[in-house]
There are 2 protein chains.
Amino acid sequence: MSEINVLVVEDDPLIAEDIRHHLTNADYSAQTVVHNKADALAALATESPDIVLLDINLGGKLDGFEVAEAINAHYHLPFLYLTSYSTKSIVEQAKFTRPMGYILKPFDEADLFSSIEIALYNFAQRQKPAKLTRELINEQILDKLTEKEFELLEHIFDGLTNKLMSERHFVSINTIKTHLKSIYGKLNVHSRTEAIAKIRVLLP
Amino acid sequence: MSEINVLVVEDDPLIAEDIRHHLTNADYSAQTVVHNKADALAALATESPDIVLLDINLGGKLDGFEVAEAINAHYHLPFLYLTSYSTKSIVEQAKFTRPMGYILKPFDEADLFSSIEIALYNFAQRQKPAKLTRELINEQILDKLTEKEFELLEHIFDGLTNKLMSERHFVSINTIKTHLKSIYGKLNVHSRTEAIAKIRVLLP
DNA sequence: CGATGCCTCACCCAAATGGGTGATTTTTTT
DNA sequence: AAAAAAATCACCCATTTGGGTGAGGCATCG
């Protein structure tokens, strides 16, 4: 993941600036910082962030929960609570809004980054289908395919045509076809769709 | 879910005891707590746990990864990493070991239970090959496709040819082709493999 | 009743795909 | 250095697939 767009909802200007500073230092390509619920809702609609860092306590009120509910209702986003409270009641209330985690104040840069990374990873794990990677495939079949063949299998998985594959690999379409024939033989199938179906059931 | 056997691999005796305490309070029927890699490997072989909670940092060394590799290589088990903020950017390393998730320290009982439950659920889910069902698909696309079209999309997903589909549905191959054209138009794709790729990314 | 949507089917044509054979070059392994 | 494996490419041919057009039957809905 190259560009991460972070929406920070934090009423305390010092903390907000601190977070913005840390994120800017790293390769997080964009951050939007807002200080209240209204701006947060607006930013959600316009900025399409990848993750939201959400202070529960916004200007003395627990508006963070309402932002969380808006996220759950209308978007499809992981969010982390920024909180200095660890009281039972807050946690009880917070967990019904299904955050990906909590960042407890005070926190340092490592806290921030690891929390974001883990949240994004866990969220992706829950939301996304298995991505075809070499590590994920059954080893017996893995062993049979060459590096090149596996790349082409990934392309098939992504819906590419032979022509597109040949252009992407700077080889002739005949070469692609030869590779595919080899793949089909090794997987014991007779078409690209069968190949996809076959490796799909081998995915964990 | 009746009896869950949890293997806890945690070198910090305080945290280990804390986890054991939480698990005992709930109806988790068995826990085995070990403090180092050697004992973890022994416990894996003898205790047949249902899930492993794995501290990455065991006695100052990242032995947790090696335990994870052992699990992946020789067992068939979900595991969760127990990790703290101080461990910097472990995700890059950790994700290649394919954990079911992470439990961030400090965590409370609710974190612990929900993480375990979610991990067990997701692990069970992913053992089954992805089944294309109507409920799983994005509703916008769902709405566009007719019942028949969706059935044929499932067949494409399973790698069937037009001929096989026509035989299975007792209609002519021309009818199948007409349906497919309609599907492609609605999904805005130009081939069956593209259609598969498209619906695949819409699956949860 | 007319409109609409769905399922059915046919015909045509172009493009893509699958299968077979054989070959050269490069890389890796032994 | 020799052998094996991998990657490259070119034919040929049959089949499959995709795209366009048109059309009949059937049900539902306004």
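Below, chain A is the first sequence line, B the second, and so on; all start at residue 1.
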Enquirer: Within the structure, does a side-chain N or O atom of A:Tyr184 lie under 4.0 Å from either OP1 or OP2 of C:dG19?
Expert: no
Enquirer: When all nucleic acid strands are considered with a 4.0 Å heavy-atom cut-off, which category describes B:Asn162: base, sugar-phosphate, or nothing?
Expert: sugar-phosphate
Enquirer: The side chain of B:Lys177 is closest to which nucleotide in this list: D:dT16, D:dG18, C:dT8?
Expert: D:dG18
Enquirer: To the nearest angstrom, how far is A:Lys148 atom NZ from C:dT25 atom P?
Expert: 19 Å
Enquirer: Once hydrogens and angles are ignored, does a donor-acceptor distance under 3.5 Å link the base of D:dG19 to the side chain of B:Lys181?
Expert: yes
Enquirer: What is the distance, to the nearest angstrom, from the CD atom on B:Glu167 to the P atom on D:dT16?
Expert: 10 Å
Enquirer: 5'-most contact on DNA chain D: B:Thr161 or A:His169, nearest heavy atom basis?
Expert: A:His169
Enquirer: NA contact type, B:His179, heavy-atom cut-off 4.0 Å: base, sugar-phosphate, or nothing?
Expert: base
Enquirer: Separation of B:Leu164 atom CG from D:dT17 atom P, in whole Å?
Expert: 9 Å
Enquirer: Below 3.5 Å, does any donor atom in the side chain of B:Thr175 face an acceptor in the base of C:dC7, or the other way round?
Expert: no
Enquirer: Classify the side chain of B:Thr146 versus the base of C:dC6 as yes if they form a donor-acceptor pair under 3.5 Å and no if they do not.
Expert: no
Enquirer: With heavy atoms under 4.0 Å as the rule, sort A:Thr178 into base, sugar-phosphate or nothing.
Expert: base
